[in-house]
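The structure under discussion appears below in the form of structure tokens.
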Amino acid sequence: VATADEGLREPLPLATRASHAYAKWRLTGSDPDGALAKARTEWTRFEGGGEADDDAHRLVWGPDPALDKLLDAAAGGPEPTRFGALALRLWEPLCRAETTDQI
């Protein structure tokens with residue numbers, strides 16, 4: 001609820017696929033730089049189709065938005081960016097609860 005309230009006040013630096021990639025890598029013990037590399041891949045896929053191509057992101061972050069625009073705000077604590085802190089706030093509970101059943 002707190003994240004939704006924040007999002008009603010301002011655009012959050014939180015892109016679905018990029019933040020999911022970041023959180024998954026951080027939760028496996030990767031450092032923030034490694035996790036950001038994975039997020040950047042989701043944001044800018046080489047042949048298009050990355051989140052940077054999404055019309056909603058272009059509206060909020062400008063034409064040809066760079067992931068760096070989402071990384072501007074620092075976070076206090078273990079995450080160096082607000083993007084990273086929000087990614088973990090959103091995805092950590094879901095990733096920890098996720099199970100894979102093998103048949």
Side-chain angles (χ1 to χ4, degrees):
V1 174
T3 305
D5 287 346
E6 287 178 47
L8 291 172
R9 288 191 297 272
E10 65 178 324
L12 296 179
L14 186 67
T16 307
R17 291 186 309 219
S19 67
H20 182 250
Y22 180 92
K24 283 186 76 164
W25 277 89
R26 288 293 282 140
L27 293 171
T28 62
S30 176
D31 64 13
D33 289 336
L36 281 174
K38 292 297 180 180
R40 200 172 300 283
T41 297
E42 289 299 324
W43 182 255
T44 60
R45 293 187 182 231
F46 291 109
E47 295 179 16
E51 280 187 288
D53 295 333
D54 186 285
D55 289 338
H57 289 301
R58 290 174 181 269
L59 177 66
V60 172
W61 306 110
D64 299 319
L67 184 62
D68 293 339
K69 286 187 177 183
L70 280 74
L71 304 177
D72 282 348
E79 293 304 315
T81 64
R82 187 171 178 214
F83 170 84
L86 287 168
L88 287 173
R89 186 191 312 171
L90 173 66
W91 292 108
E92 184 172 12
L94 297 169
C95 290
R96 297 225 186 268
E98 184 178 49
T99 60
T100 304
D101 293 331
Q102 299 291 325
I103 297 178

Thr41: side chain to side chain contact (heavy atoms under 4.5 Å, CB included) partners, not counting sequence neighbours: none
Listing request: all ring pair (Phe, Tyr, Trp, His ring centres under 6.0 Å) pairs with a residue in residues 67-90, at least two apart in sequence or in separate chains. Tyr22-Phe83
What I want to find out is whether Asp53 reaches Arg58 closely enough, with some N-O distance under 4.0 Å, to be called a salt bridge. yes
Nearest-0.5 Å distance, NE2 of residue His57 to OG1 of residue Thr16: 6.0 Å
Single-linkage hydrophobic cluster, 4.5 Å side-chain cutoff, Val60 and Leu67 together: yes
With sequence neighbours excluded, tell me which residues meet side chain to side chain contact (heavy atoms under 4.5 Å, CB included) with His20. Lys24, Trp91, Cys95
Any salt bridge between Asp33 and Arg40, counting N to O under 4.0 Å? no
Under a side-chain separation threshold of 4.5 Å, the hydrophobic residues clustered together with Leu88 are Leu27
Sequence neighbours excluded, which residues qualify as side chain to side chain contact (heavy atoms under 4.5 Å, CB included) partners of Leu59? none
Has the side chain of Trp43 got a donor or acceptor atom that lies under 3.5 Å from a matching backbone atom of Pro65? yes
From CG (Leu70) to CD (Glu51), nearest 0.5 Å: 9.0 Å
Closest heavy-atom pair and its distance - Ala87, Ala23: O-CB, 3.8 Å
For Arg89, enumerate each residue passing the side chain to side chain contact (heavy atoms under 4.5 Å, CB included) test, keeping only those at least two apart in sequence or located in another chain. Ala2, Thr3, Glu6, Leu86
Supply the atom-to-atom distance Trp61 CH2 to Lys69 NZ, rounded to the nearest 0.5 angstrom. 9.0 Å
Nearest non-hydrogen partners of Arg17 and Gly50, listed with the distance: NH2-C, 3.3 Å
